There are 2 protein chains.
Amino acid sequence: MIDDISRFRRLARAVTTQTGALDTSFLGLGRPLGSARVLNAIGHGKEDVGELRVYLGLDSGLMSRLLRGLEAEGMVETAPAPKDARRRIAKLTEAGQAAFAQYEALSDQSAEAVLGRYKQSEALLAAADLIATVLGRDRIEIIEADPEDPRVEHCVQAYYDEISEIFGVFFDPQVSGDPEAGSLRAPNGTFLLALSDGLPIGCVAVKRQAEGLGEVKRMWVAPAARGLGLAKQLMNAIETHAQRLGLTTLQLDTNGKLTAALHLYRTDGWVEIERYNDNPYAEHFFEKQLG
Amino acid sequence: MIDDISRFRRLARAVTTQTGALDTSFLGLGRPLGSARVLNAIGHGKEDVGELRVYLGLDSGLMSRLLRGLEAEGMVETAPAPKDARRRIAKLTEAGQAAFAQYEALSDQSAEAVLGRYKQSEALLAAADLIATVLGRDRIEIIEADPEDPRVEHCVQAYYDEISEIFGVFFDPQVSGDPEAGSLRAPNGTFLLALSDGLPIGCVAVKRQAEGLGEVKRMWVAPAARGLGLAKQLMNAIETHAQRLGLTTLQLDTNGKLTAALHLYRTDGWVEIERYNDNPYAEHFFEKQLG
DNA sequence: TAAGATGTCTGACTTAAGTCAGCTATATGA
DNA sequence: TCATATAGCTGACTTAAGTCAGACATCTTA
């Protein structure tokens, strides 16, 4: 009755009821659900026909017909892909974008209706982030991003907020942007961002300090994504990128209060070394040889 | 990009992807989704054909045909309702129950797969409860239940755990059951239980103290259901039931630490009165005239 | 008890969704 | 450059899903 699995299945029912209602309302716009799904997927940036097919799980014949229908309606235009003329790229026309905007507005309304009627919506959103991230853990992507990308800035801001909180000191997030931004992009470094269905949930950066020597910085995982092994994934990814930048040794500093981080470094091939900088908040220093 | 509505919509996508996968796996059992839905709804206790139709949102013709199909398969038997021979009641046969059990096993497996791969599953479950309850707020039902119903006991246990926590004292939940159980059922009182899609999320009881005088007890709302106005709904419901029991005045005691409760009573027609018992944890005493 | 309402069923549809074999154009690699 | 693989398209299907009008039995109420 009140066992864990029932509790969790209840979530699926609740969301499905809600989303089912949305699907039905999608029909109100007069287009069958199949075409509506295709139109929305294109609107969300899935433009390659093959990718669309996989994403929507459709047969190639059906896909083709649905696209043909949307073309006849004037919602979509397709053209061969420049690099491979067998593949086709679908794009929304202006009318298509307008239709897509209508669907988006419907979805937003339904989300807003729930959020607006609940007072502690930050708690609700945190719960939503957690569940969406756990469910989507197999679809987390780690991408290279510019330090001035707003999604990176969101993570860096959260990172500074958090260490300010932990150390009871105010770390200036340099509202004008990360002062080290320049050294955190190629060829002197790189910034990696973890995305779960578009939401930034973690980051890590590396910065070249000397010939062959790099320092790992800005390691952060969103609260909703902790416990999924994302930190380890990020570290693996940054090591790979560091090697590509020609780095052979990595260093990093951290603080004893960050126990999860300490544990990760100690079990992931890092060796504790002597203090190598004068960062007053750093207590532990690590090094790892790559390759 | 990271606005509240996108964050919330992301949840719907994540759960739909997950549940969509389940729907597809339902097809693996060789029955079209429509019949599978009907079979599952019957298995979950929706036996009245009319209720089934509303619940699944189907046309009466389609409903009838799907039932006929399941009957032909030997999964379902229908019979006229005893009280109204126009209505029909559908029941699973033994074969039907076996098929239903297969679907349940599939659903459990998929929930278990997610839960099992996440360490802090209590956090995940709490988040799931919160979201499911908020989404299902319009479908919360308040029912009369026996004080020894396991769902009531679950709430009472949680109630005692919580006040033990708040007052730093151990309140004995009387493992053998609520000692006042007898006085919390008709004709001397009643116990109300709030259910959200089957999950108990709150309770309240009333107990006759004298001719026309009742006392409200065991008022509790689950953490996941706070902020939805459920306490007020429960109070309204218990007042109605108290009137039916012939009570004209209600009393209750509470503690200053329970600020939300205090605020509710003060704004819901209750008048603060003198201490009327020797409960050492009670600091405030209220009374309300009914009718 | 007759008139109207209700709940379900059936037949005759329409539409959407999905499948499959075979076609064409393009790319790839020995 | 020729065989083979790949991506998408088309025609000819099947199946599922949904709609609608009317039939019938049963209940309700004036």
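Atoms considered below: every heavy atom in the structure, side chains included; atoms not considered: hydrogens, waters and symmetry mates. For clarity, every value in this text was computed on a predicted model and none was experimentally measured. The chains referred to below are lettered A, B, ... by the order of the sequence lines, with proteins before strands, and numbering in each begins at 1.
- Distance alone, capped at 3.5 Å, is enough to place a donor-acceptor pair between the B:T93 side chain and the B:G96 backbone.
- When rounded to the nearest whole Å, the span between CG of A:L58 and C1' of D:dG8 equals 14 Å.
- As judged by a 4.0 angstrom heavy-atom cut-off over every strand, A:D84 is placed among residues touching the sugar-phosphate backbone only.
- A straight line from CG of B:L67 to C1' of C:dT10 spans 14 Å, rounded to a whole angstrom.
- A close approach under 4.0 Å does occur between a side-chain nitrogen or oxygen of A:R68 and OP1 or OP2 of D:dC9.
- Atom CG in A:D48 sits roughly 16 Å away from atom P in D:dT6 (whole-Å rounding).
- For the 3.5 Å distance criterion, the side chains of A:Y103 and A:R31 qualify, holding a donor opposite an acceptor.
- The pair A:R9-B:E104 meets the salt-bridge criterion, since a charged nitrogen lies less than 4.0 angstrom from a carboxylate oxygen.
- Of the side-chain N and O atoms in B:R53, one or more sit less than 4.0 angstrom from OP1 or OP2 of C:dT8.
- Between B:R7 and A:A126 the shortest heavy-atom distance is NH2-N, 3.9 Å.
- Here B:R65 lies in heavy-atom contact (under 4.0 Å) with a base.
- Contact of B:R86 with C:dT8 (side chain to base): no donor-acceptor pair of N or O atoms is detected under 3.5 Å.
- Residues B:S196 and B:T133 come closest through the heavy atom pair OG-CA, 4.0 Å.
- B:D59 has its CG atom 16 Å from the C1' atom of C:dA16, to the nearest Å.
- Among the nucleotides D:dG8, D:dC27, C:dA17, the one closest to the side chain of A:L33 is C:dA17.
- Counting to the nearest Å, the P atom of D:dT10 and the CZ atom of A:R88 are 9 Å from each other.
- Where B:G50 and A:S35 meet DNA chain C, the nucleotide closest to each residue was compared, and B:G50 sits on the side nearer the 5' end.
- A residue-by-residue look at A:L62 and B:S64 shows that B:S64 has its nearest nucleotide of DNA chain C further toward the 5' end.
- Straight-line distance from the CG atom of B:L66 to the P atom of D:dA16: 10 Å, rounded to whole Å.
- When the P atom of C:dG7 is taken as reference, atom CD1 of B:I89 falls 13 Å away, rounded to whole Å.
- Following rounding to the nearest Å, B:R37 (CZ) and D:dA17 (C1') show an atom-to-atom distance of 11 Å.
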